[in-house]
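Worksheet for the structure shown next.
Numbered from 1 within each chain, the chains take letters A, B, ... in sequence-line order.
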2 protein chains.
Amino acid sequence: MDASTYHHGNLRSALLEHAAAEIEESGVEKLSLRQVAKRAGVSHAAFAHHFGSAQGLLTGLAAEGFTMFGKALSDARNHDYSQGTDLLETSGLAYIQFALDYPQLFSLMFSSKLPDFSDPTLDGASMKVFQAFIADVHGRNVLEVDGPGGVDIVAMANWAKVHGLATLLLTGRMRSVLSLDATQQTGAIRQILANGGS
Amino acid sequence: MDASTYHHGNLRSALLEHAAAEIEESGVEKLSLRQVAKRAGVSHAAFAHHFGSAQGLLTGLAAEGFTMFGKALSDARNHDYSQGTDLLETSGLAYIQFALDYPQLFSLMFSSKLPDFSDPTLDGASMKVFQAFIADVHGRNVLEVDGPGGVDIVAMANWAKVHGLATLLLTGRMRSVLSLDATQQTGAIRQILANGGS
DNA sequence: GCGCTCATCTTGCCAGTGTCAAGATTATTT
DNA sequence: AAATAATCTTGACACTGGCAAGATGAGCGC
């Protein structure tokens, strides 16, 4: 906070914040550490101590993203639960809404190979979210259908559909849906999620 | 082909080939133009005339990828059609198989933002594949369900499920499925595709 | 208060990147 | 054979991330 001091105080979180902003502006692919450093008013090598390398920064950013993602999902769940809305539909919509709200962050979390996904913090944060989402599926579908090796078929099918819809919308495919206005678009997404397909 | 000549002859396709190989080895994110040039036995600036910029190369590569993708899908369709296998299941499995066979290329085509997707060649190649896949959905589901704005709900739901499953498998999520051996894995994928979810 | 230790941040450098301009070389056309 | 166009090379540029060495100040025992 205090820019006049030699020691920044909370450089780590400040860098994460600026990096998140930079990413959301220009995309993950053209992120420059030096640019982020300049933005934070700090030298280009100040990263080293906090993140080690560029991968470290992106790992931290992705972990923070999953925390936000989890919060967004649980917020939606808690808000709609009282109103008796369908749990799975609520979660799916929140999942997709998060992707559309933070497109670059979402693609860092799910499409990029730059973060170190074996990092315990990142791995823990992501697993927590996935398990919560799958629990939502079970909250709706009482029946659990086990496939080979005990794979939860229903949960995986729903996860795949929601996630696929999110990424296809995000990457500009599905033009028939994207060309609709906001309310129609939500309606279409709702119907796609409700439709079993296959 | 003739390495002794000053003019390469078919540098464009040679560069595409080497770039594809490099990508499949080291990933899209760390692709280096100079490395590809060295591999092709050519100077680092030989790209310019054929692709303009790095984006041009990746655009061409993605377009080639969609052509391959389309061929893989139609091969599977033609092969299984005679055997009376389910059309949608066949297409879905081929879709996922392609993603697993060419993981880096697939992620360039669907997850990267580096190629210029508004390029007519690339756009045309991708649209052709998507339309063929959606036609497969209709070949199976005679009924077309229109949502708001005339969105084909059934087709989009199936596309989302197949694509989501492909990307989640590719990025190492869905560990319960990935830990299975080959045959069990195919069986699980088949069941997930068959399950409507929702 | 003092002095020590260590985390934090800066400066300066390095090899490597993609792009551009200018020129060399060869194909193609006239 | 000469002129023109396509193709490829060389050399430079600004930029990148990472590393080493040193400057700065916070925290802590005394």
Could you tell me how far apart [X] ([atom1]) and [N] ([atom2]) are, to the nearest whole angstrom?
X        : N       : atom1 : atom2 : value
Glu29(B) : dT16(D) : CD    : P     : 19 Å
Leu58(A) : dG18(D) : CG    : C1'   : 15 Å
Asn10(B) : dA6(D)  : CG    : P     : 19 Å
His49(A) : dG22(D) : NE2   : P     : 16 Å
Phe47(A) : dT11(C) : CZ    : C1'   : 16 Å

Q: Would you please indicate if the ring centroids of Phe110(B) and Phe117(B) are separated by under 6.0 Å?
A: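 No, they do not, as the ring centres are separated by 6.0 Å or more.
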Q: May I ask you to check whether Phe69(A) and Tyr102(A) place their ring centres under 6.0 Å from each other?
A: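 No; Phe69(A) has its ring centre 6.0 Å or more from that of Tyr102(A).
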Q. Which part of the nucleic acid, if any, lies within contact of Ala46(A), taking any heavy atom under 4.0 Å across all strands shown: a base, the sugar-phosphate backbone alone, or nothing?
A.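 Contact class for Ala46(A): base.
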Q: Under 4.0 Å between any heavy atoms, over every strand shown, what does Leu57(B) touch: base, sugar-phosphate, or nothing? Just pick one.
A: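 Here Leu57(B) touches no strand at all.
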Q: Determine: side-chain N/O of His50(A) to OP1/OP2 of dC9(C), distance under 4.0 Å, yes or no.
A: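 Result: yes.
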**Q.** N or O in side chain of Ser32(B) less than 4.0 angstrom from dG18(C) OP1/OP2
**A.**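 For dG18(C), OP1 or OP2 has a side-chain N or O of Ser32(B) closer than 4.0 Å.
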Q. Hey, can you pull the residues of residues 12-27 of chain B with a non-hydrogen atom under 4.0 angstrom from DNA chain D?
A.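 Going residue by residue through residues 12-27 of chain B, none turns out to have a heavy atom under 4.0 Å of DNA chain D.
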Q | Side-chain-base donor-acceptor pair under 3.5 Å for Arg34(B) and dG16(C) | A |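 It does not, because no donor-acceptor pair links the side chain of Arg34(B) to the base of dG16(C) below 3.5 Å.
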Q.
Distance criterion of 3.5 Å, no angle test: do you see the side chain of His44(A) paired donor-to-acceptor with the base of dG12(C)?
A.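 Result: at least one qualifying N/O pair found.
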Q. Going through the checks in order, is the side-chain contact (heavy atoms from CB on, under 4.5 Å) test met by Thr167(A) and Phe106(A)?
A. CA-CA 9 Å; Thr167(A) 58; Phe106(A) 189 85; 4.1 Å; yes
Q.
Cation-pi check for Phe47(B) against Arg12(B): NZ or CZ below 6.0 Å from the six-membered ring centre and within 45 degrees of the axis, yes or no?
A.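 Because its charged atom misses either the 6.0 Å distance or the 45° angle limit, Arg12(B) does not stack over Phe47(B).
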Q) Going by heavy atoms in the side chains, are Ser126(A) and Met109(A) under 4.5 Å from each other? A)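 When only atoms from C-beta onward are counted, Met109(A) and Ser126(A) do not touch, as no gap falls below 4.5 Å.
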